[in-house]
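Data block below; observations after.
Chain letters run A, B, ... following the sequence lines, proteins first, then strands; residues in each count from 1.
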Amino acid sequence: MTELSPDRPGLGAAAESAARRATLLVLADGRMPTGGHAHSGGVEAAVVEGSLADVSDLERFLLGRLHTAGVVAAAFAAATCLALAGDTGADPGIAELDAELDARTPSPAARAASRAQGRTLLRTGRAAWPVPPGPRAPHHPIALGMVCAGAGLAPADAALTAAHLTVTGPSTAATRLLGLDPIAVTAVTARLAGDVAGVARAGERAAGLPPRDLPAHTGIRLEHLAERHRLASPRMFTS
Amino acid sequence: MTSLSPAAHRTGRTAIRARAAIQVDLGPQGLPRVSDLRSEVPIVLRLTATQRATATDQAAATVHLVGAAAGPLAGDDLRLDIAVGGGVRLLVRSVAAMVALPGWGPGPSRFAVSAEVADGGALEFAPEPTVVAAGADHASTIDVRLGATARLLLREEILLGRFGEAPGSFHGTLRVDVSGAGPAATPAPLLRQDLVLGPDVPGMRGPAHLGAARAVGSLLVAGPEQAGPAVDAGVADGAALLPLAGPGYLVSAIADDAVSLRRRLLAGPADPVWRRA
């Protein structure tokens, strides 16, 4: 792939863009061992209680999750990546962003799941890229922003990955739990691509706001499902 | 409503802009002193009870919000500022539900509540529900700043549509901060919630958000007693008891109607209704 080498003059911008997209594909690949496969994002509890039983329920679940938790995740991933981009030597304020996410996650089960995924993502991310220092087990969107910054990605990439993962994790979980047709589920996630892009753009636009003004959209039943999941037995997923 | 108060000036063809305020401090002889009680139509405030401090209870004042007009209507911009001093408890109630209605004004109707509770003070803000009528577009903001040893009980109930009616649009912003101990400590965020509801909100009727529920609400309890692992999380039908990362817990509930919603919100941490892991 020498023609894509950023060392070749004249191809700088195009090569950089291609390299960024190639890196983004690695990060957003479901096969990257980030621990995400162990979490259903509320899908398992919804399946157990009967509110999610087929592909059309899944589509409405994903839309709701994307436009609530997804908006918050995209904004915080982008804000973290932006805060780390400057490398000015000043405190980038990661702890403050993390505390703001705590305040946006009233369910203790949801907080624990987010931090568990943040920790695993950081471990893998640190092996792959020079991720800047920060908390060991931050909320997942914070970890994602840190990894994006380390991988040379932009806040827009962090927001897009966060929005994408908001949808893909639960889709995979629903496919496994309900034995849904993976082809039909892929069609659903493909239909949601426009919404994913819109949520990512909103997250990117919000990234420069003071942390207290970042979005705080809540999906009411998502918080309930996160707690309900702890009572379910047996469980296939951690959350 | 017969007339607008002189200060309630019109901002558009029909829109009303109003600022109301309550300030309560601890006065002499253990009595609450209401140093400010400013009404502005349509937010009319009435001091309905005062209680002297006893060996076990703080001095307390109760203020009722009396709606002096229908609405709010689109374009109305209403604001209530609350200040509670140390050693005193303020209870804010309302006499009836607030019904947000459509109108001809520009933009949504707005109701912004801002409250500051000093160290050792307490605020109970528990008005009747906000009903978002079909076609209405209502924005509610509640912003509370608590001193390190201040206490808060905050109840918010939203009904989507009047009985048998389609929902209007609602955007609620709830922000609560708690000051750290010490003079230089920066406030820490306790709760941030944007609740975006309406007929066009994607996935609102799905299993991640409201499902089929018509009523949604929360009850937040915060204060120094809630620091540390004071409350265990639990779930019940349509409700969850959620200990926050900071010093407080949230009861979050959805229901088909206002009566069930209120019942679910009033289940305290010791209520046998909660199922726990």
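Of the listed residues (Glu223(A), Arg104(A), Glu49(A)), the one with the most heavy-atom contacts under 4.5 Å to chain B is Arg104(A). In terms of heavy-atom pairs under 4.5 angstrom with chain B, the leader among Leu63(A), Asp195(A), Thr218(A) is Thr218(A). The candidate from Ala188(B), Ala239(B), Ser218(B), Gly172(B) with the greatest count of non-hydrogen atom pairs under 4.5 Å with chain A is Ala239(B). By number of non-hydrogen pairs under 4.5 angstrom with chain B, the leading residue of Ala232(A), Ala46(A), Pro108(A) is Pro108(A). When Glu59(A), Arg65(A), Glu100(A) are compared by the number of non-hydrogen pairs under 4.5 Å with chain B, Glu100(A) comes out ahead. Heavy-atom pairs under 4.5 Å with chain B were tallied for Gly42(A), Ala110(A), Pro106(A); the largest tally goes to Pro106(A). Looking only at heavy-atom pairs under 4.5 Å with chain A, the residue among Gly206(B), Pro207(B), Ala240(B), Gly203(B) that has the most is Pro207(B).
Separation of atoms OG (Ser140(B)) and CE (Met98(B)) is listed at 7.0 Å; rounding is to 0.5 Å.
With respect to Arg93(B) and Glu124(B), a salt bridge is recorded, a charged nitrogen being found less than 4.0 Å from a carboxylate O. Using a cut-off of 4.0 Å between Lys/Arg side-chain N and Asp/Glu carboxylate O, Arg79(B) and Asp81(B) are scored as salt-bridged. Note on Asp98(A) versus Arg115(A): salt bridge recorded, some NZ/NE/NH1/NH2 to OD/OE distance being below 4.0 Å. Salt bridge absent: Asp213(A) and Arg192(B) never bring a charged side-chain N and a carboxylate O closer than 4.0 Å. Salt-bridge annotation for Arg17(B) and Asp77(B): present, with a side-chain N of the basic residue lying under 4.0 Å from a carboxylate O of the acidic one.
Looking at Leu190(B), the atoms closer than 4.5 Å to chain A (heavy atoms on both sides) all sit in the backbone: N, CA, C or O. If you measure heavy-atom distances from His67(A) to chain B, the contacts under 4.5 Å come from the side chain alone. When heavy atoms are compared at a cutoff of 4.5 Å, Ala213(B) does not approach chain A at all. With a threshold of 4.5 angstrom between heavy atoms, Thr68(A) approaches chain B through side-chain atoms but not through N, CA, C or O. Heavy-atom distances place the side chain of Asp143(B), and not its backbone, under 4.5 Å from chain A. The contact between Arg111(A) and chain B is made entirely by side chain atoms (from C-beta outward), counting heavy-atom distances below 4.5 Å. When heavy atoms are compared at a cutoff of 4.5 Å, Leu225(A) approaches chain B solely by way of its side chain, counted from C-beta outward. Looking at Arg276(B), only its backbone comes within 4.5 Å of chain A, counting heavy atoms on both sides. Heavy-atom distances place no part of Ala212(B) under 4.5 Å from chain A, backbone and side chain included.
Side-chain contact between Pro170(A) and Phe61(A): present, with at least one pair of heavy atoms (C-beta onward) separated by less than 4.5 Å.
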I'd like a table of donor-acceptor pairs (distance under 3.5 Å, sequence neighbours excluded) in which one partner is a side-chain atom from residues 162-171 of chain B, with atom names and distances.
unit_1    : atom_1 : unit_2    : atom_2 : d
Arg162(B) : NE     : Glu165(B) : OE1    : 3.3
Arg162(B) : NE     : Glu165(B) : OE2    : 3.3
Arg162(B) : NH2    : Glu165(B) : OE2    : 2.8
Glu165(B) : OE1    : Ala134(B) : N      : 2.9
Glu165(B) : OE1    : Arg162(B) : N      : 2.9

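Looking at every heavy atom in both residues, Arg235(A) comes nearest to Arg230(A) through NH1-CA, 3.4 Å.
Between the side chains of Ser114(A) and His139(A), at least one donor N or O sits under 3.5 Å from an acceptor N or O.
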